[in-house]
2 protein chains.
Amino acid sequence: MSSQPENVPSAATESPSLVHAVEPGPELLDAAAATLRMLAEPTRLHLLWQLSDGPKTVSELTAAAGVPRTVASQHLAKLRHSGLVDTRKEGRNVIYSLRDGHLVRLIRETINHADHQLTGEPTHD
Amino acid sequence: MSSQPENVPSAATESPSLVHAVEPGPELLDAAAATLRMLAEPTRLHLLWQLSDGPKTVSELTAAAGVPRTVASQHLAKLRHSGLVDTRKEGRNVIYSLRDGHLVRLIRETINHADHQLTGEPTHD
DNA sequence: ATATTAGGTGCAATAGTTCGCACCTATGCA
DNA sequence: TGCATAGGTGCGAACTATTGCACCTAATAT
């Protein structure tokens, strides 16, 4: 247990003007990790990236991701069950959309970071 | 600065998406997913969060994360091998630090998103 | 009614991750 | 010299995730 996490030393190299005062508890970390786990798979990330551009049908998403239908479906089911995406039915299509606009920033930040990493990171920032 | 073009009404079958210019290729997606996989574990996320406040020793990190030493060590090894953190040795301590300041933003964005999800959004499915 | 298209689910095999144990090296101290 | 502390590694057991297969429902078209 040891619920005494007020140990944020940060007394080493520089004076931290903006320390984060709050220690994320286990639930927060679990929730965050759960979300990240959803993003941490190339196909799902691809699907989410597509969705960050606007709502799309399963067919569109599947085609863009270049994976078999069952695979896309399973991944979409996971995203659905984890509450990251929303669905509405229109005719015989199911249209997926990102539930939270906040997620768009996260996705783009991630892709951006990876892009920097690939193109040769020159000690950024 | 939050120019989100969300809700692009691509309600039709397929519209020429000129919204996000670049389609991430497989390598980019793999790299991004690899990074996210590193973040997508509560203990590792905790460690990285600690580091986002400044460099720390293994002992400090281990204590903060509240896990056995071997576990922390394994996770730190993964972070090291994936290039997300840097180490320097000082006496008998090893001091870990985030390699890329950019990562701080990603970590905080994630924690922030999870927090928002936990506290402000009781919409459950 | 029947076929077709869009999408979903259950399940088994495989692949990858996490954890804890035992054991190792290097630094500092008495 | 010997011993404690800080940190690391290799390995096996338990767990989780991904995939592909077969099969299912709902909506449209013929």
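So you know, we letter chains A, B, ... as the sequences are listed, proteins then strands, and number each from 1. Everything numeric in this text was worked out from a predicted model, so none of it was measured.
Atom pair A:Arg88:CZ and C:dG7:C1' shows a separation of 16 Å (rounding to whole Å applied). The interatomic distance linking B:Lys89 (NZ) with C:dT25 (C1') rounds to 8 Å, in whole Å. Going from atom NZ of B:Lys56 over to atom C1' of D:dG7 covers 18 Å, rounded to whole Å. Atom NZ of B:Lys78 and atom P of D:dT9 are 13 Å apart (whole Å). Separating the NE2 atom of A:His81 from the C1' atom of D:dA17 is a distance of 16 Å, rounded to the nearest angstrom. Between B:Arg92 atom CZ and D:dG7 atom P the separation is 10 Å, expressed in whole Å. D:dG7 atom P lies 11 Å from atom CD of B:Glu90, rounded to whole Å. As rounded to whole Å, 11 Å separates atom C1' of C:dG16 from atom CE of B:Met38.
Where B:Thr87 and A:Arg37 meet DNA chain D, the nucleotide closest to each residue was compared, and B:Thr87 sits on the side nearer the 5' end.
Looking at the side chain of A:Val71, the nearest of the listed nucleotides C:dG7, C:dG20, D:dT19 is D:dT19. Set against D:dA6, C:dG8, C:dT9, the side chain of A:Val58 has C:dG8 as its closest nucleotide. Checking D:dG7, C:dG7, D:dC21 against the side-chain heavy atoms of A:Thr70 singles out D:dC21 as nearest.
Taking side-chain N and O atoms only, A:Tyr96 has a distance below 4.0 Å to OP1 or OP2 of C:dG8. The phosphate of C:dT17 has neither OP1 nor OP2 within less than 4.0 Å of any side-chain N or O from B:His75. For A:Arg44, a side-chain nitrogen or oxygen approaches OP1 or OP2 of D:dT18 to under 4.0 Å. Phosphate contact (OP1/OP2 of D:dG8, side-chain N/O of B:Arg80, threshold under 4.0 Å): present.
Between the base of C:dG20 and the side chain of B:Gln74 there is a donor-acceptor pair shorter than 3.5 Å.
Heavy-atom minimum distance, B:Leu36 versus A:Thr110: CD1-CG2, 3.4 Å.
When only modelled atom types and interatomic distance are considered, B:Asp100 and A:His113 share a side-chain donor-acceptor pair under 3.5 Å.
Nucleic acid contact for A:Ser59: sugar-phosphate only, since backbone atoms but no base atoms lie under 4.0 Å from a heavy atom of the residue.
B:Lys78 has its side chain within reach of B:Met38: a pair of non-hydrogen atoms, C-beta onward, lies under 4.5 Å apart. Contact of the B:Thr35 side chain with the A:Gln117 side chain is registered, since non-hydrogen atoms from C-beta on lie closer than 4.5 Å.
Judged by distance alone, the side chain of A:Lys89 and the main-chain N or O of A:Thr87 form no donor-acceptor pair under 3.5 Å.
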